[in-house]
Protein chains: 2
Amino acid sequence: MKLTTKGRYAVNALLDLALHNNKKPVHLADVAERQNISLTYLEQLFSKLKRHGLVSSSRGPGGGYRLALEADEISIAKIIYSVDETIDITRCHGKQNCQKDQRCLTHDLWMELNMHVSSFLNGITLFDLIQRNNVKHVAQKQDFAFVQIHKH
Amino acid sequence: MKLTTKGRYAVNALLDLALHNNKKPVHLADVAERQNISLTYLEQLFSKLKRHGLVSSSRGPGGGYRLALEADEISIAKIIYSVDETIDITRCHGKQNCQKDQRCLTHDLWMELNMHVSSFLNGITLFDLIQRNNVKHVAQKQDFAFVQIHKH
DNA sequence: TAATACTTGACTAAATCACTTGGTTATGTG
DNA sequence: CACATAACCAAGTGATTTAGTCAAGTATTA
């Protein structure tokens with residue numbers, strides 16, 4: 001199993017996008033600042049998210065990214081998968097050749113854990129996260145800080 | 001979250017130990033061969049398992065390792081924890097300073113996933129694994145191959 | 001047509017993984 | 001007592017991955 005900042009960044013960034021999903025597309029630079037992620041790194045992640053159809057982009061002045069699907073159609077599992085992180089835990093990736101071309105002693109255990117984790121992450125969408133009070137509260141704080149810095 | 005071969009090796013090796021837990025202690029070399037793990041690498045893992053009180057050892061000829069606890073007292077979570085792998089997924093390790101000294105947008109999500117995985121791994125012991133038919137079957141195959149090679 | 005914004009590819013320092021090497025120390029057996 | 005055995009220990013190492021940076025684009029639109 002591999003769940004690192006890459007996957008967390010992607011989920012945070014998409015949630016930020018969902019929370020600022022008005023008429024206008026969202027600048028990646030703003031997301032980067034609010035979520036404290038390097039812009040160029042975020043660009044790489046969004047290029048993957050776009051390839052997987054989770055976001056759409058528009059170029060030029062006033063351009064940016066927006067969700068390509070409804071928030072309740074984007075599961076956390078989808079996001080993590082899109083940025084190349086695998087939820088798989090087994091060595092053989094399900095192929096049952098974990099040890100000398102045979103299933104290792106604990107093959108079934110890891111498969112079971114796989115199932116648990118993916119069904120958990122499949123069952124939660126961006127919409128679910130938005131519904132939770134904490135998220136809105138945290139997002140407001142982030143927006144406040146953002147406005148404080150950028151007001152002229 | 002970090003679950004790699006280290007944790008899988010440790011669980012496989014301890015399960016092997018549990019399955020060969022007769023009067024005599026078990027040679028690490030035999031475990032290494034049956035489970036197809038480098039001996040010296042396994043030694044490193046067992047040194048950690050011993051420090052955490054999961055196994056006891058006896059030196060000299062006829063020495064080896066045995067379980068220090070009953071199989072139903074050793075959970076998978078304990079084993080993984082003992083070899084330094086962390087089940088924690090959050091960046092802040094629960095400290096809620098994941099982003100600019102505040103909780104990040106998805107802090108609660110990762111904490112929840114943490115809970116899911118650890119309660120799953122806490123709820124399964126070596127004894128549980130032994131009870132499953134597949135494990136015994138696989139172990140018998142491993143023993144058969146082992147004996148084939150070592151009979152004189 | 002200049003400014004804005006997305007796109008791509010190559011590169012990199014640091015960390016981690018999965019070991020290997022090369023020993024030392026304790027213990028039971030002949 | 002010598003010696004084989006097997007646990008114990010420290011350090012190093014090549015490959016891979018992470019989390020980025022840097023540089024040079026291309027497309028869009030005010």
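Within every chain, numbering begins at 1; the chains are lettered A, B, ... in the order of the sequence lines, protein sequences first and strands thereafter.
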Tell me whether the OP1 or OP2 atom of [N] has a side-chain N or O from [X] closer than 4.0 Å.
{"X": "A:Y9", "N": "D:dG20", "value": "yes"}
{"X": "B:T5", "N": "C:dA18", "value": "yes"}
{"X": "B:S58", "N": "D:dA6", "value": "no"}
{"X": "B:T4", "N": "C:dT16", "value": "no"}

What ring-ring contact (aromatic ring centres under 6.0 Å, His included) pairs are there with at least one residue in residues 53-72 of chain B, not counting sequence neighbours? B:F46-B:Y65
Quick one: list whatever passes ring-ring contact (aromatic ring centres under 6.0 Å, His included) with B:H116, sequence neighbours left out. A:F120
Apply side chain to side chain contact (heavy atoms under 4.5 Å, CB included) to residues B:M111 and B:H107 and explain how you reach the verdict. CA-CA 6 Å; B:M111 288 300 278; B:H107 181 86; 3.6 Å; yes
Grab the [atom1]-[atom2] distance between [X] and [N] for me, whole Å please.
{"X": "B:K50", "N": "D:dA7", "atom1": "NZ", "atom2": "P", "answer": "10 Å"}
{"X": "B:D30", "N": "D:dT5", "atom1": "CG", "atom2": "P", "answer": "13 Å"}
{"X": "A:H27", "N": "C:dC6", "atom1": "NE2", "atom2": "P", "answer": "8 Å"}
{"X": "A:K6", "N": "D:dT17", "atom1": "NZ", "atom2": "P", "answer": "10 Å"}
{"X": "B:R8", "N": "C:dC17", "atom1": "CZ", "atom2": "C1'", "answer": "12 Å"}
{"X": "A:Q35", "N": "D:dA19", "atom1": "CD", "atom2": "C1'", "answer": "17 Å"}
{"X": "B:L42", "N": "D:dA7", "atom1": "CG", "atom2": "P", "answer": "10 Å"}
{"X": "A:K48", "N": "C:dT7", "atom1": "NZ", "atom2": "P", "answer": "14 Å"}

Who pairs with B:E112 by salt bridge (Lys or Arg N to Asp or Glu O under 4.0 Å), at least two apart in sequence or on another chain? A:R132
With sequence neighbours excluded, residues passing side chain to side chain contact (heavy atoms under 4.5 Å, CB included) with A:S58: A:P25
My understanding is that only residues two or more places apart in sequence, or in another chain, count here; which of them pass side chain to side chain contact (heavy atoms under 4.5 Å, CB included) with B:S119? none
Do A:R34 and A:H20 come close enough that some side-chain heavy atom pair is under 4.5 Å? yes
Candidate nucleotides C:dC17, D:dA19, C:dT8, ranked by approach to the side chain of A:S47 - the nearest: C:dT8
Which pairs, protein N/O on one side and nucleotides 21-24 of chain D N/O on the other, fall under 3.5 Å?
unit_1 : atom_1 : unit_2 : atom_2 : d
D:dT21 : OP2    : A:S38  : OG     : 2.6
D:dT21 : O4     : A:Q44  : NE2    : 2.7

Counting only pairs under 3.5 Å, give me each side-chain donor-acceptor contact of residues 122-130 of chain A, with atom names and distances, residues two or more places apart or in other chains.
unit_1 : atom_1 : unit_2 : atom_2 : d
A:N122 : ND2    : A:S118 : O      : 3.1
A:T125 : OG1    : A:F127 : N      : 3.3
A:T125 : OG1    : A:D128 : N      : 3.2
A:T125 : OG1    : A:D128 : OD2    : 3.3
A:D128 : OD2    : A:T125 : N      : 2.9

For A:S56, enumerate each residue passing the side-chain hydrogen bond (donor to acceptor under 3.5 Å, both in side chains) test, keeping only those at least two apart in sequence or located in another chain. none
Expected rows: protein N/O vs nucleotides 24-26 of chain C N/O, under 3.5 Å:
unit_1 : atom_1 : unit_2 : atom_2 : d
C:dT25 : O2     : B:R59  : NH1    : 3.4
C:dA26 : O4'    : B:R59  : NH1    : 2.3

Using a heavy-atom cut-off of under 4.0 Å over every strand shown, decide if A:F46 touches base, sugar-phosphate, or nothing. nothing
